[in-house]
Amino acid sequence: MGRRVLFCSVVATIVLSLGAPAFACGGLIGARGAVQLLKTVTFAGYHDGIEHYVTSFSFAGGGGGKFGSIVPLPGVPAKVERAGDWTLQRLLREVAPPPPRALDVAVTSVSSAAGAAQVILQTRVGALDITVLKGGASEVGVWAENNGFDLPPDSPEVLEFYARRSPIFMAARFDAKAAVARGLRSGDGTPIHVVIPTRNPWVPLRILGLGKQAAERITADVFLLTDRKPAMLPAPAPASGTGPVANGLTLERSVPASAELLFDLRTDKKGDWIPERGMWFSYLKLDSARADLGYDLAIDASGAGRPSYVAAGFPAGVADAARHAAPGMWIALALAALAAFMLAAVRGTSKPSGTTGA
Amino acid sequence: MRALAAVALALMTGVSGGSPPGTQAIRIDVRYSRFLPAVVSVRAGQTVRFEIANLDPVAHEFVLGTPAEQLAHERARAASHDGVPGQATLGVGESKAVTWTFTRPGTLVYACHRAGHYAFGMAGTVRVLPGA
């Protein structure tokens with residue numbers, strides 16, 4: 001298999017209201033504790049069939065409560081461990097350079113924006129209890145209920161949306177007491193590195209709208225680092241081609257990755273699998289009403305230019321239709337172009353009868 | 001407290017009980033945090049057996065009461081409604097029945113008061129029409 005690397009980072013501005021902790025955050029599920037989640041940071045990578053997925057959590061205070069997050073995964077992780085401390089910040093800096101004097105900081109926190117599920121992995125990273133589950137929407141829902149997660153009312157539809165594609169979910173519960181005991185302060189984050197063998201990488205975006213009102217804006221920064229210019233589905237603006245276009249997703253940057261960026265990412269903890277050169281860097285911005293965010297971002301960095309409709313979250317029927325209809329559509333477009341050309345040619349060589357001319 | 005609330009509800013709108021002959025059965029499905037149907041009509045004096053099926057992968061509630069009582073439930077959420085007349089807590093995939101006799105015309109609401117669900121719109125209406 002050719003060497004392929006994909007980095008994806010999603011940085012979402014997520015705020016939990018004290019008054020409605022289970023209702024106000026995207027992709028994150030508040031329990032009845034006093035902790036407010038400010039932001040979740042997610043980072044995933046793809047190299048030789050292995051997706052490297054990083055999620056970082058920040059919190060705003062203790063109070064003895066807990067909060068948690070459920071993250072859909074494209075496959076069963078081989079391991080879950082603490083990620084490097086500054087990879088995400090470095091990616092952010094790549095697209096929003098700070099003042100020069102900030103270059104010497106050693107940032108250790110992120111501060112911006114029915115039956116039974118099968119437990120296939122449990123670990124603790126810092127103050128985070130991580131549980132990887134395998135099961136359908138109902139099984140994961142029961143597990144969440146039994147483990148104190150207060151699921152928001154739109155979670156049934158969202159859980160089923162993901163369970164149709166992958167039965168793997170990662171639940172991360174941040175124990176605020178443990179966090180305080182470890183000396184974590186408001187705004188400190190704990191990055192998690194999930195290593196997932198998969199042939200089908202995707203970036204979960206719809207989960208960011210979980211618990212949001214239909215008109216609420218969902219914002220995220222998505223970073224991709226591949227060794228080829230990636231094809232994406234749905235296509236971000238400015239879109240070309242005839243495929244589905246992503247509402248609210250804009251391709252802000254698409255350039256070869258700088259040597260400095262690759263060096264910095266490689267030298268962070270757990271970054272030694274990142275190739276030294278030849279990467280393509282893409283930066284996408286998501287700013288969408290929750291009601292319009294019904295998709296994930298499927299990526300094909302193989303050069304084939306065929307990102308998966310299923311991985312993007314399109315219903316299987318649509319995926320099949322697109323797969324089978326696409327060649328016909330090209331034929332139809334070609335015939336239409338030929339007809340237009342012939343019509344123009346005819347108009348150019350003849351005059352309509354019954355006219356007198358100027 | 002629950003008993004007091006149940007008595008108050010009964011005095012205002014109807015009574016809970018078994019399923020006497022002539023009981024009308026109404027099935028209500030819960031799907032994507034919505035009640036289906038969202039509106040039902042009954043006659044005053046009619047005993048209705050609500051057969052509620054939770055088709056969602058999360059737990060829900062069925063709480064019958066006046067609009068004012070629904071707001072009170074929002075302010076003080078109960079961990080479980082089982083055993084309370086006119087109410088039920090439904091686990092994932094569970095089905096339960098709630099029987100109620102509607103004594104006078106008016107409007108009642110059935111709702112779920114798990115965090116955020118009522119505000120999300122998880123409520124239905126019972127129109128109690130004058131008796132035949």
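Chain letters run A, B, ... following the sequence lines, proteins first and then strands; every chain starts at 1.
One finds the CG atom of A:L151 at 9.5 Å from the NE2 atom of B:H60 (value rounded to the nearest 0.5 Å). Atoms CG and OG, on B:D56 and A:S138 in that order, are 8.5 Å from each other to the nearest 0.5 Å. Rounding to the nearest 0.5 angstrom, the gap separating the OH atom in B:Y32 from the CD atom in A:E160 is 4.0 Å.
B:A115 and A:P153 get closest at one heavy-atom pair: O-CD, 4.1 Å.
Ion pair A:E145/B:R114 flagged as a salt bridge, since at least one NZ, NE, NH1 or NH2 atom sits closer than 4.0 Å to an Asp/Glu carboxylate oxygen. Between A:E157 and B:R31 no salt bridge is recorded (no basic side-chain N to carboxylate O distance below 4.0 Å).
Within a 6.0 Å radius of CZ in B:R127, other residues, nucleotides and ligands contribute 12 heavy atoms or fewer. Dense packing is recorded around NZ of B:K96, with more than 12 heavy atoms of other residues, nucleotides or ligands lying under 6.0 Å away.
Every residue two or more places apart in sequence or in another chain that forms a salt bridge (charged side-chain N to carboxylate O under 4.0 Å, His left out) with B:R27 is listed here: B:D29.
For a residue to count as touching a neighbouring chain, one of its non-hydrogen atoms must lie under 4.5 Å from one of that chain's; by this rule B:R34 does not touch chain A.
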